[in-house]
Novice: 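Pasting in a structure now, in structure tokens, and then I'll have a few things to ask.
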Amino acid sequence: MNKLLMTLLGGTVALAAATSASAADSDDGYGISTDFDTVQEGHYLATLGDCAACHTKPGGKPMAGGVALETPFGKLVAPNITPDKATGIGNWNFQQFKSAMTEGKAPVGHLYGAMPYTAYTKVTEKDLRAMWSYLHTVEPVDNDVVANQLPFPFNVRLSLIGWNMINFSKGEFKPNPHKSEEWNRGAYIVEGLGHCGTCHTPKNLIGGDKNSQFLKSSLLENWTVPDITPDDHKGIGEWSKQDLVDYLKDGKNKFDIASGPMAEEVVNSSQYWTEKDLQAVATYLKEGEDGDHQTTPPDPIATDDDRMKSGEHIYADRCAGCHTPDGGGVEGLFPRLANNALMRQDDPTSLIRVVLAGSRAGATDAAPTAPSMPAFSWNMSDEQIANVLTFVRNSWGNSAEAVSPSDVAKLRASLKDD
Ligand code: HEC
Ligand code: HEC
Ligand code: HEC
């Protein structure tokens, strides 16, 4: 296209000209392709990356921003990334988009890690261009969002230079030549656009990922985010590839029903993945990384322990009606508690939360009616909840540390504040 014409159309021509060298056929100089397949692919990739989870307010216009994210340091609001020129990214060029996505650097300055650029840095140039092109087909929305609502000193973007030095390594995904193409596609999704680690990887004190413990469980808004490495005791070691595919596609399988933030992930993102990508992610999670190893399970707490005896009675009274007396559950309706890695995570926060507050699994296209777990906070004491969970965590093939009444009390208080 004529460069002078581009100047007249507005925008930063110098940069646009520099980027157009490696661009696709129907590229207009800003790196925007109008090719139907590229836009479709970009839409799919944006779904894979679950941009909408943060950039689309429930019931709001796509990508218009406004979703508030609570971080340990205060509130951040996801900005408007529609092609609106005044309040969105309509005046950006591709290099600015790429640098926001892969380096966390935007015209406003350094971005906070709540925008998962630490994962998106793995995304290829081709995929970035497709998403960039797709974003320009979204309806431009006039919505001015103030992203940074953190208190001083956390609101100072320059402080992120130090954060990045400790927590961020930039760079596109590099395939592992010793692994299959399918494994590599799975790794590309999990480490990159899928940003599974932002929830599943444990964090250091300043909120960075502990990459040496990739996917080995974390805590998020009072949900335990479980270990999803191939570990047999705490991870997904006992799941088959098909179990993983079912879970990501339908939000449930014969072991489990996805709740909380994972139910949202399934509803917004993984239910729409292609069969090929579901298989690839399952292959990657099943095989794991080269350094992964099995943990040694602890011995279960003895059945004649007082907490276990009390827990057994409560279970028979209050829980067995749905989860069945042997903890086997009813496939697709009531999750199986027996021999279930979720019961065996070090941190019991989610288990306590589910019993206190109840839970309803997300509804996917494939499984439209979601069963629900009743709340017990109003009719069970801290000690009763601790005991029944200690019993569940140490019965039917499970073993894990006891749950203490003080942990229940703490979470009860914090849920009241919400
Ligand atoms: C977990 C939440 C989350 C997800 C998922 C997410 N973002 Fe963001 N994004 C944010 C937040 C929060 C900011 C603002 C950060 C800041 O101002 O420091 C942001 C900033 C941005 C910016 C910079 C905008 C500006 O005006 O400076 C772009 C571009 C962007 N995101 C694109 C995307 C795309 C594309 C995806 C999907 C592939 C995506 N984001 C997924 C939370 C998210
Ligand atoms: C927004 C946070 C978040 C993101 C992003 C996320 N997860 Fe999860 N995930 C969770 C939580 C929380 C649970 C526990 C759900 C429950 O208790 O029912 C979970 C559970 C799971 C489980 C079930 C494990 C078990 O033992 O029951 C699998 C498998 C899983 N996630 C895979 C993934 C993959 C693959 C990705 C990336 C594509 C991903 N998750 C991204 C929060 C997240
Ligand atoms: C009326 C039926 C019902 C009763 C009674 C019931 N549950 Fe549940 N429970 C469910 C359903 C349905 C879910 C799945 C909800 C979801 O995924 O959001 C669930 C989920 C759970 C989970 C999370 C499992 C997972 O894999 O995510 C735990 C732990 C649990 N229940 C424990 C208990 C305990 C302990 C009791 C007794 C104090 C109990 N439940 C009583 C129906 C019930």
Side-chain angles (χ1 to χ4, degrees), residues 45-46 48-55 63 65 67 69 71 76-81 88-89 92 96-97 100-101 104 106-117 120 123 131-132 135 145 147-148 157 160 189-190 193-200 215 218 220 223-228 234-236 239 243-244 247-248 251-252 255-266 269-270 273 281 284-285 314-315 317-323 329 333-337 340-343 345 350-351 354-355 358-362 370-374 376 380 384-385 388-389 391-392:
L45 292 164
L48 204 53
D50 206 359
C51 319
C54 299
H55 289 280
M63 308 297 170
V67 182
L69 303 165
T71 77
L76 274 171
V77 182
N80 178 352
I81 57 167
I89 60 172
W92 291 27
Q96 288 170 314
F97 176 71
M101 293 292 287
V108 284
H110 287 273
L111 297 177
Y112 289 88
M115 159 70 187
Y117 65 90
Y120 295 157
V123 178
M131 271 189 286
W132 172 243
L135 285 176
V145 175
N148 186 351
R157 288 189 183 270
L160 294 168
I189 295 170
V190 170
L193 271 177
H195 66 283
C196 315
T198 52
C199 292
H200 283 275
L215 305 181
S218 186
L220 174 89
W223 285 96
T224 312
V225 192
D227 185 326
I228 52 169
K234 291 185 193 154
I236 48 85
W239 293 23
D243 294 330
L244 282 161
Y247 184 88
L248 292 167
K252 62 188 173 67
F255 294 93
D256 241 325
I257 301 176
S259 348
M262 191 62 203
E264 287 172 29
E265 196 282 338
V266 173
S269 179
S270 61
W273 296 2
V281 165
Y284 168 77
L285 291 177
I314 300 167
Y315 183 83
D317 264 10
R318 301 292 187 87
C319 323
C322 292
H323 293 283
L333 281 179
F334 305 121
R336 170 171 129 181
L337 307 181
N340 176 342
L342 272 187
M343 305 304 129
Q345 304 295 310
S350 269
L351 305 181
V354 164
V355 175
S359 166
R360 172 177 282 273
S372 69
M373 156 89 186
F376 289 94
M380 276 174 80
Q384 286 175 315
I385 291 178
V388 76
L389 287 174
F391 170 76
V392 166

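Ligands are counted one by one from 1 in listed order, and the atoms in each one are counted from 1 as well.
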Novice: So which of M262, Q345, K234 gets nearest to atom 11 (C) of ligand 2, if we judge by its closest heavy atom?
Specialist: M262
Novice: At under 4.0 Å between heavy atoms, is it the side chain or the backbone of W92 that contacts ligand 1, or both, or neither?
Specialist: side chain
Novice: Below the 3.5 angstrom mark, is there an N/O of W223, backbone or side chain, next to an N/O of ligand 2?
Specialist: no
Novice: Do you see an N/O/S atom of H323, backbone or side chain, under 2.8 Å from atom 8 (Fe) of ligand 3?
Specialist: yes
Novice: Check H55 and report its N/O/S atom nearest to atom 8 (Fe) of ligand 1, by atom name.
Specialist: NE2
Novice: Measuring from atom 19 (C) of ligand 3, which candidate in Q384, M373, M380 has the nearest non-hydrogen atom?
Specialist: M373
Novice: Under 4.0 Å from ligand 2, counting heavy atoms only, is it the side chain of I189, its backbone, both or neither?
Specialist: neither
Novice: Considering only heavy atoms, which of E265, K252, H200 lies nearest to atom 40 (N) of ligand 2?
Specialist: H200
Novice: Side chain, backbone, both or neither: which part of A258 has a heavy atom under 4.0 Å from ligand 2?
Specialist: backbone
Novice: For D50, is the nearest heavy atom under 4.0 Å from an atom of ligand 1?
Specialist: yes
Novice: Can you figure out which of G88, P79, P116 has its heavy atom closest to atom 13 (C) of ligand 1?
Specialist: P79
Novice: Counting heavy atoms only, which part of Y284 comes closer than 4.0 Å to ligand 2: side chain, backbone, both or neither?
Specialist: neither
Novice: How does N340 reach ligand 3, by side chain, by backbone, by both or by neither, if only non-hydrogen atoms under 4.0 Å count?
Specialist: side chain
